[in-house]
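In what follows, a structure is listed as structure tokens, so that the remarks can point back to it.
Nothing here was measured: the structure is a model prediction, and the numbers come from that model. Note: hydrogens, waters and symmetry copies are ignored here, and every other heavy atom, side chains too, is used. In what follows, chains carry the letters A, B, and so on, assigned in the order in which the sequence lines appear, proteins first and then strands, with residues in each chain numbered from 1.
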Amino acid sequence: MDFFDDATPAWYALAILLLPAAGFCWNAFTYRTEFTRKRGHIVPLLTIGTALFCALTIFKHAVIDGDVGDTPHAASATHDAPAHDSGGADAPPAAGSLADPRWSWSSKAHGVVYRIIDTGALRIDAGITIDHLTATMLLVVTLVAFLVHLYSVSYMHGDKRFSRFFAFLQLFSFSMLGLILTDNLLLLFCFWELVGVCSYFLIGFWFEQDEPPKASMKAFMTNRFGDVGFLIGILLVYRMFGTTDLAEIYAGLQAVAEGRAALPPLFGWEAGTLLTVAGLCLFTGPMAKSAQVPLHIWLPDAMAGPTPVSALIHAATMVAAGVYMVGRIYFFFTPTALAFIAGIGTVTALVAATIGLVHNNIKKVLAYSTCSQLGYMMLSLGVGGYSAGLFHLYTHAFFKACLFLGAGSVIHAVHTEDMREMGGLKSKLPVTYRTMLIATMALGGVPFFSGAFSKEMIVEHALMWGWSHGLAHMLPAIVAIGGGGLTFFYMMRLIYLTFYGAPRDQHKFEHAHESPPAMTIPLMVLAFLSFFSVGWPMPFLGGHKLPELLAAPPALASIALGHGADHGHGGFALAFGVLVLSCLVIVFGYRLYKQTYKDRNPGPEVWVARLRPLHTTVSNLYYFDEFYRATIVRFSYATARVLALFDSKVIDAIVNGVGTVGQLIAAGFAAFDRIVVDGLVNLNGTVCHALGSRLRRLQTGNLQDYLAFAVGGMAFVTLLFLFLA
Amino acid sequence: MQPLAGYVFLGTAMFVLGVFTMVTRKNAIYVLMGAELILNAAALNFVAFARYMGNRLDGQMFAIFIIILAAAEAAVALGIVLQIHHHFPSIDVSKPDRLGD
């Protein structure tokens, strides 16, 4: 019986999701105990380890074995190569059908669904969806998260908020995995915000220092900026399709593409404008989260957080969530929206890479590199390289996590992040050096390392897109190729400044020592994954490469607007051409590095002097921060000041006026109370008192008087009766 | 047979005199005697009305009860008078006026 025949995968997925949540609760609620304070890493390691095991199980069944449930297998549907295990699936869907060819499993079909909201008009059902994208993403996230947990045991050792760090890591893992597993756009948004807030907590983890709180605030605010757009996009989608369920949105758009339905008129826009606007709104979320120009400014600052956090959140997973999300709703983007995405990606890739050339902080160089690589991914998705972009996400997660953890190891050894105080550490940190070198090769796209496969796929797609759209559209391809050289150059510069040459700070050099195994083992695992790349055709994937299994969904939005789905496969010639071109660029980058840093002929100072204005601009980060400070920040301060004035002059006056009127009314009531109500009560008392003090005189105590009263009273009553009768 | 009115007038006179005695006299013995007068006025009324309403015996029975009652009352009252005299060295009924406190 196949794994995906019943609801079993849902329980695995729930275990993956809920174990880190449980670990977070454990650490959060027992933080006072001796065990958690000293050994706060044990429960989180266990939960994330189990989650990793469950993710491996799902990956094995979904991708390696290709167990299929009720839908045809991706490999058999999109590639004519014989599927390694068709699992009794039917023939591939007929040509022209727009049914999603991707294999996917939904927990809803097996009754595992949780109705969160049902108001009649709005219904939100939380379900779990698993396809190749999810399964691979789960594996990448749990694996990197596990390694980072392991690394943190040593890196954060002795920190006074040790257990809290792990609690946040667990909360982040939970949120990130929820983001991957959910099948609803609104829930995806919720998890999206959760990872954002975890990022905020973790950037500002050392909140006693100056920089982290500011950086976390910057990250948070920048992301809110994008999330507003995201939320507007979700509302637009809801207005268009009346649902936020991804499968239902797909079905709705499919009906439109097949001409069975039409989009509801909204604001009087035609379908193309509507889809483009909604797509771009949705894209602003990823733009902020994945640090795309112009919302990239928060990512380098986010390096103020602990280095394992930079590796996990700001390199491997959270920033890639934007790319993942674009991949999830890929069918929704119109050609215009995709071109915009490609443009943004291109600009980001170029801008961030150039800043990486001149920065001196080891973590910030890596941050700009991350930024640039995320730009590559967006570029790839924008030019139609769906599988290439997502594949680059996976390979990048491993080698960039490796680089960050390596940088953490270096910082751990020399207690500085400034590369000008390093140098010559090769002999002191051999493991760190070797693993970082491997990851650098992968990042630089040196053939046979993992990055090469994904990058070449990206370049290939960019070239084909440029070819079919005209000369101006060649820009992404040019940047993608040229960026490879820049990447290799700045990474070799990083390696050189850190590990080669003579030590520039003798004191720090002498105290440096290699990190403990809890830190080097994750490095070695990640370096292995950067080298032994899943970009090779894998025997255990039935001779397929992993990206081939990540088939793109039909471009429904394009078809709905009357554009055909374009792009054929480039063929062997193009792939070979790209490989040669990439190699040439890398060799050029290496030559440049060798000439500048190794031979110093001329040295970097000469280049700086020659390109003075350019260097100033780039090392001031293109004045993005200054620009925002002069416009947005200043504008919001001015607005705030005006509003504060309005608040104190108008709102307060109204409030005070209401208060005064209330006071007057209350005084009136008090007077009424005092004079009328109290007067009545007092009158009652006075009358009773007067009456009593008169009548008490009859009470003489003399028996004879009482007798006289009794007889008199009797006589009175008798007479009364006589007269009345 | 004597007319009823005579008895009723006599009874009323005795009652009024009894009350007058009880209210005005300071001496406790006089007060007691006033009480006897009132009781006897009542007894006289019982006998007179019994005779008047067909020579019935129940009125007579009440008269005898009242005589017994008067005897018992006199005994108890004299006891009280003795106690008063013991407490205040006098039998002036205007002296014990603590009921007014």
Side-chain angles (χ1 to χ4, degrees), chain A residues 656-725, chain B residues 5 8-9 11-42 44-46 49 66 69-70 73-74 76-101:
Chain A
N656 289 342
V658 169
T660 313
V661 169
Q663 222 173 4
L664 286 176
I665 293 173
F669 277 119
F672 177 80
D673 215 26
R674 211 169 44 242
I675 294 163
V676 180
V677 178
D678 285 8
L680 280 177
V681 173
N682 288 342
L683 185 68
N684 203 357
T686 315
V687 167
C688 285
H689 183 260
L691 214 58
S693 57
R694 296 261 148 63
L695 285 175
R696 72 183 287 275
R697 292 196 197 140
L698 295 177
Q699 193 93 351
T700 56
N702 194 332
L703 285 170
Q704 290 176 314
D705 292 351
Y706 293 161
L707 187 68
F709 293 146
V711 173
M714 203 169 71
F716 175 73
V717 170
T718 313
L719 286 174
L720 199 67
F721 269 102
L722 278 176
F723 279 114
L724 287 180
Chain B
V8 174
F9 274 124
T12 310
M14 282 165 73
F15 176 78
V16 171
L17 285 172
V19 170
F20 188 73
T21 310
M22 283 183 81
V23 171
T24 56
R25 293 293 178 161
K26 300 288 182 196
N27 194 315
I29 303 298
Y30 284 113
V31 174
L32 269 180
M33 287 166 71
E36 292 300 323
L37 267 179
I38 291 170
L39 284 170
N40 282 320
L44 182 63
N45 264 13
F46 270 115
F49 276 98
I66 290 172
L69 188 90
E73 179 251 322
V76 174
L78 281 172
I80 294 173
V81 170
L82 275 177
Q83 285 295 315
I84 291 175
H85 186 262
H86 182 72
H87 204 265
F88 314 85
S90 136
I91 50 168
D92 187 344
V93 289
S94 62
K95 285 276 167 60
D97 60 353
R98 299 246 297 272
L99 278 175
D101 293 347

Discussion item. Less than 4.5 Å to any heavy atom of chain A: does that hold for the side chain of B/F15, its backbone, both, or neither?
Written reply: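 Contact with chain A involves the side chain of B/F15 alone.
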Margin query: Using a 6.0 Å cut-off, check whether atom CZ of A/F709 has over 12 heavy atoms from anything other than its own residue.
Written below: yes
Using atom types as modelled, flag every donor-acceptor pair under 3.5 Å from a side chain in residues 78-96 of chain B to any protein atom, sequence neighbours excluded.
| from | atom 1 | to | atom 2 | distance (Å) |
| --- | --- | --- | --- | --- |
| B/S90 | OG | B/D92 | N | 2.9 |
| B/D92 | OD1 | B/S94 | N | 3.0 |
| B/D92 | OD1 | B/S94 | OG | 2.8 |
| B/D92 | OD2 | B/S94 | OG | 3.3 |

Shortest non-hydrogen contact from A/Q704 to B/M22?
->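 Smallest interatomic distance, heavy atoms only, reads NE2-O, 2.9 Å.
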Close contacts, residues 23-39 of chain B versus chain A, judged by heavy atoms under 4.5 Å: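 From residues 23-39 of chain B, the residues near chain A are B/V23, B/T24, B/R25, B/K26, B/V31.
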Kindly list each side-chain donor-acceptor pair under 3.5 angstrom involving residues 676-687 of chain A, sequence neighbours excluded, with atom names and distances?
| from | atom 1 | to | atom 2 | distance (Å) |
| --- | --- | --- | --- | --- |
| A/N682 | ND2 | A/D678 | O | 3.4 |
| A/T686 | OG1 | A/N682 | O | 2.6 |

B/N40 meets the side chain to side chain donor-acceptor pair (under 3.5 Å) criterion, sequence neighbours left out, with none
